[in-house]
Protein chains: 2
Amino acid sequence: MPRVVNEEENALKRAEILDAAQSLIYVKGYEQMSIQDILDELQISKGAFYHYYDSKPSLLEALIDRMLEQVMRLVLPIIQDPHEPALSKIQKFFTSVGTWKTARKDFLMGFVRSWYSDKNALLRQKMTARMLHVSGPWLAAIVRQGIDEGVFDTPYPDQIGAVTFGMVQSLGELIGDWALAPQPAPVQAKRIVDTIAAYNHVLERLLGAPSGSIVMMQPDVIEAWFGISAKDPPGESNVAESTGESQRGV
Amino acid sequence: MPRVVNEEENALKRAEILDAAQSLIYVKGYEQMSIQDILDELQISKGAFYHYYDSKPSLLEALIDRMLEQVMRLVLPIIQDPHEPALSKIQKFFTSVGTWKTARKDFLMGFVRSWYSDKNALLRQKMTARMLHVSGPWLAAIVRQGIDEGVFDTPYPDQIGAVTFGMVQSLGELIGDWALAPQPAPVQAKRIVDTIAAYNHVLERLLGAPSGSIVMMQPDVIEAWFGISAKDPPGESNVAESTGESQRGV
DNA sequence: GTAAAACAAACCGACGGTCGGTTTTTCAAC
DNA sequence: GTTGAAAAACCGACCGTCGGTTTGTTTTAC
């Protein structure tokens, strides 16, 4: 790594390359994006690129660092606020991470599609691992706070943070899966609403929180994301989780 | 895809190539494994390889199909047994999938390390998605059976299968993470035992199963895998989920 | 015998990365 | 302010390897 003279301009250029890489990865995926794509996009030479980044993998690491930093900048103020009740923290955590405040629907769906597609498996795995490491302890702290406040009840406060994170991720994967393989709208709508309701319920159970106290995805968010309303009851004889074929040779 | 004359020999050769690819992927990872590696291993020509497989991605698909088939051959008899109680099915499902019956410890740990490492992110993502699709409906059926038998209690029987799968996967990722970044033995041992206990408890809660009825990982398996005994109580002031650094710039 | 399957290997463009060289910037000496 | 040299910034030809194609040869089946 060369000594840097003008720190500021250097960081700017690195960010510029990262921006190009990010949008290219968003469209093509990490492996499918070539260094040449970046060079073409920014009209720079190969020498220039390799002056700022050692290799393609190191570029990915830098991107993950930046994405994690952005997420944390969003989440930290919520999580670390000493005056906020635990239940409210959990709520806001899901809301902010799940929707990234306010974003265009088409952009969000495009992002979800890209994020959960095979072409970005590595990026997602690396990012997830990093987020688990940083959010685990904080989530545990919130759980303990909730127990103190009498809203949560679990014998495993230290472990439940990681479990919760796993649940959220699991829901994200399901939604990503649906976004990738779109179903007919009516089937889709009911399944999404039911599944989100199920996750809310499960999350309450595992945290030992009062029924109805946790809403991972607000109705207006569901409405915005999927264009459907979320006011139907669970319904016991729904589409029976028919994932296309329920039986095949495998 | 060429027409096949001798179906049997053709399948044998395809399997042979798949075997080589599997062990190479196990060691090097999918992306890092080159077609040439396979050719060298089997002493065949490029023409031969591309006679049996269209491309590298199609080779991966074939591998995933075979792996899924192997898992299903193990799990199906358990899950579809009409005389087996739901609780016992769940139990046996975890036991068989989690340990693959009886396997050498070093092999299993090596497999876990490889499976959850970055180098096989794509394989794992594809395999996980496939398994979610096939196991979701079956798990839902078991949950409904359990409700009928009075051992489970949940308002979301159809969704809970996918949630359960997500939980199991989440635990696997945690364990994989630990296997990849080994900690000092004492810290490791307590964390593993506590976390598995937490997952058992959470699973009971989300299924509405009686306390102590679900054991995802038997003590002897934990013993075999990690070389530690699983008889300590949860313990409220354990290592406090210290993931190395609990605070840093990010 | 002949057509297709099974294999062999030379060959191709694209890839990530390197390297020697050129231009621009920085900063101290005058 | 000018100058000069060192370092940073940048350029693009080049390299080895990759996945994949093509052309050609041998083997097998009927």
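Note on naming: letters A, B, ... go to the chains in the order of the sequence lines (proteins, then strands), and numbering restarts at 1 for each one.
- Rounded to an integer number of Å, the gap from Gln43(A) CD to dC11(D) C1' is 14 Å.
- When all heavy atoms are compared, the tightest approach of Met109(A) to Ala179(A) is CE-CB, 4.3 Å.
- Rounded to whole angstrom, the span from the CD1 atom of Ile17(B) across to the C1' atom of dA6(C) amounts to 11 Å.
- Looking only at distances, no side-chain donor or acceptor of Asp118(B) sits under 3.5 Å from a matching main-chain atom of Lys126(A).
- Spacing between atom CG of Leu42(B) and atom P of dC7(C) amounts to 11 Å, rounded to whole angstrom units.
- Among Ile196(B), Asp194(B), Leu174(B), the single residue meeting the side-chain contact (heavy atoms from CB on, under 4.5 Å) criterion with Gln159(A) is Asp194(B).
- For Asn10(A), no side-chain nitrogen or oxygen approaches OP1 or OP2 of dA8(D) to under 4.0 Å.
- Taking only side-chain nitrogens and oxygens, His51(B) comes nearer than 4.0 Å to OP1 or OP2 of dA6(C).
- Atom-to-atom, CG of Leu12(B) to P of dA6(C) comes out at 13 Å; the value is rounded to the nearest Å.
- Atoms CD1 (Ile38(B)) and C1' (dG19(D)) sit 11 Å apart, rounded to a whole Å.
- Because its NZ or CZ atom is not both nearer than 6.0 Å to the ring centre of Tyr116(A) and within 45° of the ring axis, Arg124(A) does not count as a cation-pi partner of that residue.
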- Message: Please encode protein proximity along nucleotides 13-19 of chain C as a string of B, S and -, counting only heavy-atom distances under 4.0 Å.
- Response: --SBBB-
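- The nearest pair of heavy atoms linking Leu139(B) to Gly161(B) is CD1-O, 3.4 Å.
- Here the closest heavy-atom approach between residue Ala15(A) and residue Arg66(A) is recorded as O-NH1, 3.6 Å.
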